[in-house]
Amino acid sequence: MPLKLYNSLTRQKEIFKPITPPHVGMYVCGPTVSGESHLGHARPYITFDVVVRYLTYLGYKVRYVRNITDAGHFEEEGREAEDKISKKAQLEKVEPMELVQKYTNLFHWAMKQFNTLDPNIEPTATGHIVEQINMIEKIIEAGYGYVVNGSVYFDVKKYAATHNYGELSGRIVDDLLETTRSLEGQDEKRNKADFALWKSAPPQHIMRWKSPWGEGFPGWHIECSAMATKYLGSRFDIHGGGMDLQFPHHESEIAQSWICNHVEPAKYWMHNNMITINGKKMGKSYNNVIKLTEMFSGNHPLLTQAFNPMTIRFFILQTHYRSTLDFSSEALVAAEKGLKRLWEAYEILKKLKSANIDLPADSELDNKINKLIDEFDEFMNDDFNTAKVLANIFEIVPVINSLKDGLIRKDAISSATLHRTKDVFTIYLENILGLQSLSQNNETLNGVMELLADIRKEAKSKRDFYTSDKIRKQLAELGIEMKDEKDGSISWSAG
RNA sequence: GGUCCUGUGGCCGAGUGGCUAGGCAGAGCUCUGCAAAAGCUUCCACAGCGGUUCGAAUCCGCUCGGGACCUCCA
């Protein structure tokens, strides 16, 4: 069964066929680093991280390009339109690149917490001003861009005469042209549907570059077209991003690229859905964002506790990427508990010893496990259905726990099945889903815990429950849970 | 107003027309020095009204509700 993915361009699931196998080029719209990343931002990067991981698992050589938008459409908050403050204030003012650097670093840090793989190329908009200007010049030469007062606009009406503007987002150009909304700067445009390729910089803009049309900054859509073309070519396999970018951002990217490269830029467009909070999209404009740093610290009125980045990753993967995901502290607590149980079972599985038998005593169970595992790939091949993979994994969890506790005989399943389960769990949980333990391993701590477990065991054997309970109780106060296992051993988990 | 998506049990969510995903929470039981964990069992669904069909959560229509985009947005 081949990999199928939902292509926003055709609005259906299609069999994935790379343009030049085994290579796959994928471009994902990265963050605008004018502020701190919030929970909503976590979704696309985790979603497409799994896409990269799965494509790699299938044997493809992926070039993953994810940009950093560090130029153009943002202003420093609260800055006066004019430099009234004396020139000596240079150092007191926030330097634009300082701001951008700060939030880029923070973003990278958060992505590390989520255990996402680094993109192969992470180009910045500011680093590609030349490429963007070149592209705009091409568009002007082709007759699809026009200059007004130092700004350059893309002529959508003209483009739509020969191309399908709206093919990705389902817009009808005539409707766009008749839109009744009146927005700032519309007077410069020939038509309301036109979008900026280059904007002349008003004084309050803290980032500005020289261009053939005067000082300004690039329009929002051109950077992705320019950088995707540069690193992936005129035509590449997958373009990803949030659903909210479908229009106008991605639609406009397509238009720009068509004019410059005369070809449909991406073969497959993938869009992840939004994270909502009380049913509403989490976003700047709704004033309902929870920053990632707040998620990790629990320092937010809507959070009842701090959340481990892995809990968030797991929470996101429990839903299909094209569905909205409604956030609540309660839902995250549930995810945390689920992941904990899942991971403990995985740790147990790794230590399970095979009964060294070829023929399982319980062939029904053996078959069931193999069937559940067979489905992992099927589910992933069906548009990356991580939710169903996790559901199957959870169906195997009780079997693992029962094997450990002797509730299911060791010889119930064959050695081959046990080994396969171990291998596939590692591949899926760690390599594909990119999950990690909620608690970190620490050699010293492990040693100390082993010692404490020994002392507790001794105390128990002497029925010195005062001592044994004291150890367990005081560890609990430190956030470490100690548990007696059925086989007499003692396990523990921090977290 | 236009375009599109969506409505599943206490909560989060998966669902290809027939075989009632899964997680968390609740209840009962087993295990246990106690505790926790674990295991087993169990309760609680498919917004409403019609239609198609032998059969619909799944297809169609209408009604009601929610949301996204059309403006910066992951």
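Order of the sequence lines sets the chain letters (A, B, ...), proteins ahead of strands, with each chain counted from 1. Keep in mind it's a predicted model, so treat the numbers as computed, not measured.
Counting any heavy atom pair closer than 4.0 Å across all strands shown, H320(A) reaches sugar-phosphate atoms only and no base atom. Residue contacts shown for A331(A) are limited to sugar-phosphate atoms, with no base heavy atom under 4.0 Å away. Within the nucleic acid shown, G283(A) has no heavy atom closer than 4.0 Å to any nucleic acid atom. No engagement by D382(A) is indicated, since no non-hydrogen atom pair under 4.0 Å with the nucleic acid exists. Residue K483(A) is in base contact, counting any heavy-atom pair closer than 4.0 Å across all strands shown. Residue E395(A) is in sugar-phosphate contact alone, with no base atom involved, counting any heavy-atom pair closer than 4.0 Å across all strands shown. Among the protein residues, S402(A) comes within range of the sugar-phosphate backbone only, with heavy atoms under 4.0 Å from sugar or phosphate atoms but none that close to a base. Within 4.0 Å of S468(A), counting heavy atoms only, lies at least one base atom of the nucleic acid. No engagement by F327(A) is indicated, since no non-hydrogen atom pair under 4.0 Å with the nucleic acid exists. Base contact: K460(A) has a heavy atom under 4.0 Å from a base atom.
In summary, of the residues considered (H271(A), R11(A), H320(A)), a side chain to side chain contact (heavy atoms under 4.5 Å, CB included) with Y6(A) occurs for R11(A) alone.
For the atom pair CD1 (I393(A)) and CG (L372(A)), the distance works out to 10.0 Å, reported to the nearest 0.5 Å. How far OG of S323(A) is from CE of M274(A): 12.0 Å, rounded to the nearest 0.5 Å.
As rounded to the nearest Å, rU6(B) and rG15(B) have C1' atoms that lie 15 Å from one another. Taking atom C1' in both rC34(B) and rC40(B), the straight-line distance is 23 Å, to the nearest Å. Using atom C1' as the reference point in both rU42(B) and rU20(B), the two lie 15 Å apart (nearest Å). Between the C1' atoms of rG66(B) and rA47(B), the separation comes to 11 Å (whole Å). On the C1' atoms, rG39(B) is 36 Å away from rG7(B), given to the nearest whole Å. Using P as the reference atom, rC11(B) and rG18(B) are 26 Å apart when rounded to the nearest Å. A distance of about 32 Å separates the C1' atoms of rC59(B) and rC43(B), rounded to the whole Å. Rounded to whole Å, the separation between the C1' atoms of rC31(B) and rA21(B) comes to 29 Å.
Of the side-chain N and O atoms in T32(A), one or more sit less than 4.0 angstrom from OP1 or OP2 of rA74(B). Remark: S169(A) is not in phosphate contact with rU3(B), judged by side-chain N or O atoms under 4.0 Å from OP1 or OP2. For rG39(B), the OP1/OP2 oxygens have a side-chain nitrogen or oxygen of N401(A) closer than 4.0 Å. Neither OP1 nor OP2 of rG66(B) sits under 4.0 Å from any side-chain N or O of N278(A). For the OP1/OP2 pair of rG23(B) and a distance below 4.0 Å, the side-chain nitrogens and oxygens of R341(A) include at least one atom meeting the criterion. A close approach under 4.0 Å does not occur between any side-chain nitrogen or oxygen of K388(A) and OP1 or OP2 of rG15(B). Remark: Y286(A) is in phosphate contact with rA68(B), judged by side-chain N or O atoms under 4.0 Å from OP1 or OP2. Put simply, K340(A) has no side-chain N or O that comes within less than 4.0 Å of OP1 or OP2 on rC24(B).
rC46(B): no Watson-Crick or G-U partner with both key distances under 3.5 Å is found in any strand. Nucleotide rA35(B) is matched to nothing when pairs are restricted to Watson-Crick or G-U wobble geometry with both distances under 3.5 angstrom. Base pairing of rA68(B) is made with rU3(B), judged by Watson-Crick or G-U wobble geometry with both donor-acceptor distances under 3.5 Å. Applying the Watson-Crick and G-U wobble criteria (two distances, each under 3.5 Å), rC24(B) pairs with rG10(B).
Among the nucleotides rA74(B), rC70(B), rC12(B), the one closest to any side-chain atom of P248(A) is rC70(B). Among the nucleotides rA74(B), rC72(B), rC24(B), the one closest to the side chain of S285(A) is rC72(B). Here rC70(B) is the nucleotide among rA14(B), rG22(B), rC70(B) with the atom lying nearest to any side-chain atom of L176(A). For H41(A), taking side-chain heavy atoms from C-beta onward, the closest of the listed nucleotides rA74(B), rC34(B), rG23(B) is rA74(B). With rG15(B), rA21(B), rC12(B) as the choices, the nucleotide that has an atom nearest any side-chain atom of F315(A) turns out to be rC12(B). Residue S323(A) places its side chain closer to rA14(B) than to any other of rA35(B), rA14(B), rC12(B).
When all heavy atoms of P123(A) and V65(A) are compared, the closest pair comes out as CD-CG1, 3.7 Å.
Spacing between atom CG of L177(A) and atom P of rG2(B) amounts to 18 Å, rounded to whole angstrom units. As rounded to whole Å, 23 Å separates atom P of rG22(B) from atom CD1 of I316(A). As a whole-Å value, the separation of E485(A) CD from rG39(B) C1' is 13 Å. If you take CG of L390(A) and P of rC12(B), they are 19 Å apart, rounded to a whole angstrom.
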Point to revise | From CA spacing to verdict: ring-ring contact (aromatic ring centres under 6.0 Å, His included), F114(A), F296(A) | key: CA-CA 11 Å; F114(A) 286 131; F296(A) 300 162; 5.6 Å; yes

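The pair K483(A)-E344(A) meets the salt-bridge criterion, since a charged nitrogen lies less than 4.0 angstrom from a carboxylate oxygen.
Taking 3.5 Å as the limit, the base of rA35(B) and the side chain of R472(A) contain a donor-acceptor pair of atoms between them. Looking at D175(A), its side chain has no donor and acceptor atom pair within 3.5 Å of the base of rC70(B). Side-chain N/O atoms of D469(A) and base N/O atoms of rG33(B) include a donor-acceptor pair closer than 3.5 Å.
Between the side chains of Y428(A) and D377(A), at least one donor N or O sits under 3.5 Å from an acceptor N or O. If you check the side chains of S169(A) and Q246(A), you find no donor sitting under 3.5 Å from an acceptor.
No cation-pi contact links R66(A) to F48(A), judged by a cut-off of 6.0 Å to the six-membered ring centre and 45° from its axis.
Mapping A335(A) and I275(A) onto RNA chain B by nearest heavy atom places A335(A) closer to the 5' end of the strand. The residue among K13(A) and C29(A) whose nearest nucleotide of RNA chain B is located toward the 5' end is K13(A).
Ring-base stacking between F465(A) and rG33(B) is satisfied, the centre separation being under 5.5 Å and the plane angle under 30°.
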